[in-house]
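A note on names: the letters A, B, ... follow the listed sequences, proteins ahead of strands, and every chain is numbered from 1.
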There are 2 protein chains.
Amino acid sequence: MKSFLERFEAFLHGKGLRLTNQRAEILRAIYRTHRHVTAEQLYEMIRDDARTKDLRISRATVYRTLGLLAEGGFVEALDLGRDQGVRYEHSLGHEHHDHMVCNDCGKIIEFHDPDLERVQDEVVARHGFVASSHQLNVYGSCAQCSRRERKKGASESDGAEA
Amino acid sequence: MKSFLERFEAFLHGKGLRLTNQRAEILRAIYRTHRHVTAEQLYEMIRDDARTKDLRISRATVYRTLGLLAEGGFVEALDLGRDQGVRYEHSLGHEHHDHMVCNDCGKIIEFHDPDLERVQDEVVARHGFVASSHQLNVYGSCAQCSRRERKKGASESDGAEA
DNA sequence: GTGGATGCAAAAAGTTTGCAGGCGT
DNA sequence: ACGCCTGCAAACTTTTTGCATCCAC
C-alpha cells in the first residue's frame with residue numbers, strides 16, 4: 001500500500017508535474033488534521049509549524065495545491081454554508097459521509113448511513129439522473145446543545161411564564 | 001390569503017421597517033423567475049426590466065433586501081457548489097425540495113421524496129441531533145445529457161478504438 | 001539546463017459598509 | 001420632521017493571476 005504522499009507524487013508525475021516541499025507539506029498538513037479547514041487556516045498551520053520553519057509558503061501555493069489535490073481526489077471541498085466559507089477535508093482513507101452542523105456550538109459531525117445512500121440513489125435514478133457525487137448538510141442542534149436548550153427552556157418556563 | 005407582498009410588508013412593519021418600491025420590486029422579481037438566481041442576476045433583471053425603468057436600484061440594496069427576505073423566510077440561499085456562487089430561490093408556496101445539478105448542461109432539477117426525508121430524519125435523530133433544516137445537492141448527468149453521453153461513447157468505440 | 005513551481009503583489013470577484021441626501025409615514 | 005432607505009463609492013474578503021526568480025528532475 002503506497003503512502004498518500006507517494007500516491008500524490010504518482011498523480012503529479014502522471015501530469016508532468018513535480019512533487020515539491022510545499023506540495024508535500026500541504027498534503028501532510030491536511031492529512032494530519034481532523035478539522036474541516038479553510039485555505040487560510042491551512043496556510044497558517046503550515047506557516048506556524050515549527051517543523052517547517054525553514055519552508056517558505058504562500059497563500060497562492062496553498063490555493064494552487066488544493067486545486068490539484070481536489071482534482072486528484074485527495075481532498076474534498078465542502079460548503080457548509082452559514083458564512084463558513086469553503087472548507088477542505090482529506091478524502092483518502094475516509095468513506096463517503098455527510099455532515100451535521102450545529103448552529104449553536106459550530107461543531108461539525110460526520111455521519112454515514114447505507115440506507116440513506118440507497119434511498120438517495122433510488123430517488124435520483126427514478127429521475128433518469130446519473131449521480132456522480134452528492135453533498136448533504138443537516139443544520140440544527142447537536143445532542144449536547146439540544147439537551148442544554150431543553151434544560152434552559154424548562155427552567156425558564158418554571159417561574160417566568162408570560 | 002395575503003399576497004407575498006403583503007406578508008413581506010407585515011414582516012417589515014413588525015421590525016419597524018418600511019416597504020419601499022425597491023424592496024417590493026426585488027420581491028416581485030424573485031417570485032416571478034423560476035431560476036435559481038445570484039444577487040447580480042437579480043440586480044440585472046430589475047435594472048433592465050422595462051416596467052421598472054423609472055426605478056433606481058443598486059447592488060447594495062439587492063444584497064440588503066436579500067438578507068431581509070432570507071431572514072423572513074421569503075427566499076432561501078443555496079450553495080450549489082461548482083463555482084456557482086450563492087444562489088437564491090423564493091420559498092413561499094414551494095414545498096421543501098432538494099437539487100440535482102447537471103455537470104454537463106448546468107441544469108438544476110428540483111426533486112422531493114418523502115421516504116428520503118423520513119430516512120434522513122431517522123438517521124440524524126439516531127445521533128441525538130435535532131435538525132432544523134438541511135440541504136442535499138446531487139451532482140451528475142441529467143437524463144438528456146447522460147443519454148447523449150451514452151450515444152457518443154457508443155459511436156466513438158465503433159470505429160476509433162485505440 | 002530546462003520547464004515547471006514559488007512568492008509577491010496586483011487584480012478580480014463577491015459582498016459589506018459609511019455617508020450624504022432622499023423619501024415614507 | 002423624524003428616522004428609515006437608497007445609491008455611490010470605498011473597503012473588505014476570498015481567490016486568481018502575471019511575473020521574475022528559483023528549484024526539482
Checklist entry - If an axis is fit to five pairs at each end of the helix from dG1(C)-dC25(D) to dT25(C)-dA1(D), what is the angle between the two, to the nearest 10°? => result 30°
Among [options], the one nearest [X] by side-chain distance:
| X | options | value |
| --- | --- | --- |
| Ala60(A) | dG7(D), dT16(D), dT17(D) | dT17(D) |
| Ile57(B) | dG7(C), dC5(D), dG7(D) | dG7(D) |
| Thr61(A) | dT17(C), dG7(C), dT14(D) | dG7(C) |
| Arg56(B) | dG4(C), dC8(D), dT16(D) | dC8(D) |
| Ser58(A) | dA9(D), dG7(C), dC25(D) | dG7(C) |
| Asn21(B) | dG24(C), dG7(C), dT15(C) | dG24(C) |

Next on the checklist: Students often get this wrong, so: under 4.0 angstrom with heavy atoms, is Arg18(A) touching a base, only sugar-phosphate, or nothing?
Outcome noted: base
Checklist entry - Is the base of dG7(D) touched by the side chain of Arg64(B) through a donor-acceptor pair closer than 3.5 angstrom? => result yes
Checklist entry - Would you say the side chains of Gln120(B) and His134(B) form a donor-acceptor pair under 3.5 Å? => result yes
Checklist entry - Between His99(B) and His97(B), what is the ring plane arrangement, given parallel below 30°, perpendicular above 60°, and tilted in between? => result perpendicular
Item to check | Ring geometry between His90(B) and His94(B) (parallel below 30°, tilted from 30 to 60°, perpendicular above 60°) | outcome: perpendicular
Checklist entry - Are Arg23(B) and dT6(D) close enough that a side-chain N or O sits under 4.0 Å from OP1 or OP2? => result yes
Checklist entry - In terms of the nearest nucleotide of DNA chain D, which residue is placed more toward the 5' end: Tyr43(B) or Thr20(A)? => result Tyr43(B)
